[in-house]
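Chain identifiers are assigned alphabetically (A, B, ...) following the order of the sequence lines, protein sequences preceding nucleic acid strands; residue numbering begins at 1 within each chain. Heavy-atom basis, side chains included; hydrogens, waters and symmetry copies ignored.
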2 protein chains.
Amino acid sequence: MLYSKYCEYSIRALAYLGANSQKKDYLLVKEISDNTNIPCAYLHKIFQDIASNTNWIVSKKGRNGGVTMAIESKKIKMMDIINVCDGVQTIKRCIFGGEKECKQHPTCKMYDNCSYILNEITAFYEKMTLDVIAKMNPF
Amino acid sequence: MLYSKYCEYSIRALAYLGANSQKKDYLLVKEISDNTNIPCAYLHKIFQDIASNTNWIVSKKGRNGGVTMAIESKKIKMMDIINVCDGVQTIKRCIFGGEKECKQHPTCKMYDNCSYILNEITAFYEKMTLDVIAKMNPF
DNA sequence: TTTAAACATTATAAAAAGGTCTTTTTATCC
DNA sequence: GGATAAAAAGACCTTTTTATAATGTTTAAA
C-alpha cells in the first residue's frame, strides 16, 4: 500500500468534490459518500480534518449546507494530500525502513539506491493534481 | 508506506540471514533480533510464518539450533517477500483504490495512467534480491 | 539429564477504521 | 419572528488489524 486508507479516501473524496462542486454550491457529504463508496460517517471526519488543517474546502452547516472547494482543483496535488493525511515522511523514506538521515549504519548504501524510485514516485504524485484526476473520469 | 512493518521486518531479517548464514550454520533468532532492531518474540513469529509458507529457510530446535537459509540469497527478491507477507495485490493496484480489473467505472483511465509507475516500482523490487541488498552493507 | 534453542499459544497494547448519538447552525415555512 | 427540518460538527464508542509481550512446550545436543 502506498498510503493509508484514510489518505486514499481523502484523495477520492477531494477528487469528486473538485470535479462536481462549482463555485458556491455545496455538496452533501452523503452524496459524496454514495458516489465514492466511502463510509459516510468516516467521510464526515475526513472532511472535518481537511477543513481544519488546510484551506482547501469550506463547509456550511444547516439547510442547503454541505462542503465545497475553496481553491482551484489544479492547485491540489496528490502529494499535498498524502502529506496532510499521512505525514511528509511517508513517501520519502528508505525502503529498508530508515530515514534519509539514518546514520545507524554509516556504510549502508540502501537509501542512495532507492532514492531513484522514491523520486519517480514523488514526481508522479506531484503531477497528479485533482483536475488531472477528474479528466480521467473516475466516477 | 510501501508495505507493512511486518513485511519490512521480514525483508531486514532475511537480508541479515542471507548475509551472515553460510551453508549449514544456524544463526540464533536472538542474534538476528539484536542486529536488526526487530523485537525478538515478534521475529520468532515472522520466521515461523516464513518457514511454513516458503522453502527459503530451515530452522533447528535444541542446542546449537537456530535458523539458516535453505536457498541462495540471490534467488529471493524483495517482491517475493512482499507477496508472501502482504499478498500479491499489495503493489499492483490502482493508486485510486481499485484493482486493475475494476470495472465499476468503465470510462476511468486511472489505472492506465498509474500503471507506468506501478511497473517501475515492481521492477525495482524484482531486481532487489537479498544478495544485492547485502552488498550495500545495511548492517 | 541438563540446558539452550526453536516452537506454540495466549494475552496485551496501540493504531486504524468505522459507527452512533447529540449538539449546533442555518434556511425555510408558517 | 418562532417552529421545524436539514445539514455539518463534535463527542464517544465499537470493531478490526497490527504490533508486541509473556509464558509454557518440545527438541536435541553436550
Side-chain angles (χ1 to χ4, degrees), chain A residues 1-14 16-17 21 24-34 36-54 56-70 82 84-87 89-90 97, chain B residues 1-14 16-17 21 24-34 36-54 56-70 82 84-87 89-90 97:
Chain A
M1 210 77 66
L2 294 158
Y3 34 71
S4 68
K5 198 154 223 178
Y6 179 92
C7 184
E8 178 188 311
Y9 286 166
S10 300
I11 294 167
R12 280 230 298 283
L14 285 171
Y16 183 90
L17 188 62
S21 88
K24 291 292 144 221
D25 88 83
Y26 291 85
L27 297 188
L28 301 189
V29 174
K30 183 71 172 61
E31 181 204 323
I32 301 169
S33 160
D34 287 342
T36 55
N37 291 314
I38 301 168
C40 190
Y42 200 41
L43 185 54
H44 263 291
K45 199 168 131 46
I46 287 171
F47 276 130
Q48 265 173 245
D49 291 346
I50 293 173
S52 64
N53 294 326
T54 72
W56 299 342
I57 65 172
V58 290
S59 64
K60 198 174 76 168
K61 286 184 178 184
R63 188 177 282 207
N64 297 349
V67 288
T68 192
M69 295 297 290
I82 295 169
V84 165
C85 294
D86 288 350
Q89 279 296 339
T90 328
Chain B
M1 211 76 66
L2 294 159
Y3 35 71
S4 68
K5 197 155 225 177
Y6 178 91
C7 184
E8 179 188 311
Y9 285 167
S10 300
I11 294 166
R12 280 230 299 282
L14 286 171
Y16 183 89
L17 188 61
S21 89
K24 293 290 147 223
D25 88 83
Y26 291 86
L27 297 188
L28 300 189
V29 174
K30 183 71 173 61
E31 181 204 324
I32 302 169
S33 161
D34 287 342
T36 55
N37 292 315
I38 301 168
C40 189
Y42 198 43
L43 185 55
H44 262 289
K45 197 168 134 45
I46 287 172
F47 276 130
Q48 265 174 245
D49 292 346
I50 293 172
S52 64
N53 295 325
T54 73
W56 299 342
I57 64 172
V58 289
S59 64
K60 197 174 76 167
K61 286 185 179 182
R63 190 177 281 206
N64 297 348
V67 288
T68 192
M69 295 297 291
I82 295 170
V84 165
C85 295
D86 288 349
Q89 278 295 339
T90 328

Whole Å only: how far is the OH atom of B:Tyr26 from the C1' atom of D:dA28? 12 Å
Can you work out whether A:Lys61 or A:Asn64 has the more 5'-proximal nearest nucleotide on DNA chain C? A:Lys61
Assign A:Val29 to base, sugar-phosphate, or nothing according to its heavy-atom contacts below 4.0 angstrom with the strands shown. sugar-phosphate
Tell me which nucleotide among C:dT28, D:dA8, C:dA17 gets nearest to the side chain of A:Lys5. C:dA17
Whole-Å distance between D:dA29 P and B:Asp25 CG? 16 Å
In whole angstroms, the gap separating C1' of C:dA6 from OH of B:Tyr42 amounts to 19 Å
For B:His44 and D:dT23, give me the distance from atom NE2 to atom C1', rounded to whole Å. 13 Å
Using a 4.0 Å heavy-atom cut-off, does A:Lys45 contact any base of the nucleic acid, only the sugar-phosphate backbone, or nothing at all? nothing
Kindly say if B:Tyr6 contacts the phosphate of D:dT18, meaning a side-chain N or O under 4.0 Å from OP1 or OP2. no
Please tell me if A:Tyr9 has a side-chain N or O lying less than 4.0 Å from either OP1 or OP2 of C:dA17. no
Using a cut-off of less than 4.0 Å, is there contact between a side-chain N or O of A:Ser59 and OP1 or OP2 of D:dA7? no
If you look at every strand shown and take non-hydrogen atoms under 4.0 Å, does A:Lys60 touch a base, only sugar-phosphate, or nothing? sugar-phosphate
A:Tyr6-A:Asp49 side chain donor-acceptor pair, cut-off 3.5 Å: yes
Should B:Ile57 and B:Phe47 be marked as a side-chain contact (heavy atoms from CB on, under 4.5 Å) after you check the CA-CA gap, both sets of side-chain angles, and the distance that decides it? CA-CA 8 Å; B:Ile57 64 172; B:Phe47 276 130; 3.5 Å; yes
Is B:Gln48 close enough to C:dA6 that one of its side-chain N or O atoms is under 4.0 Å from OP1 or OP2 there? no
Please report the shortest heavy-atom distance between B:Asp25 and B:Thr68, naming the atom on each side. O-OG1, 3.0 Å
Of the listed D:dA8, C:dG18, C:dT20, the closest approach to the A:Ala41 side chain comes from C:dT20
Out of C:dG18, C:dA6, D:dA7, minimum distance to the side chain of B:Leu28 belongs to C:dA6
Rounding to a whole Å, what distance do you find between B:Lys30:NZ and C:dT3:P? 20 Å
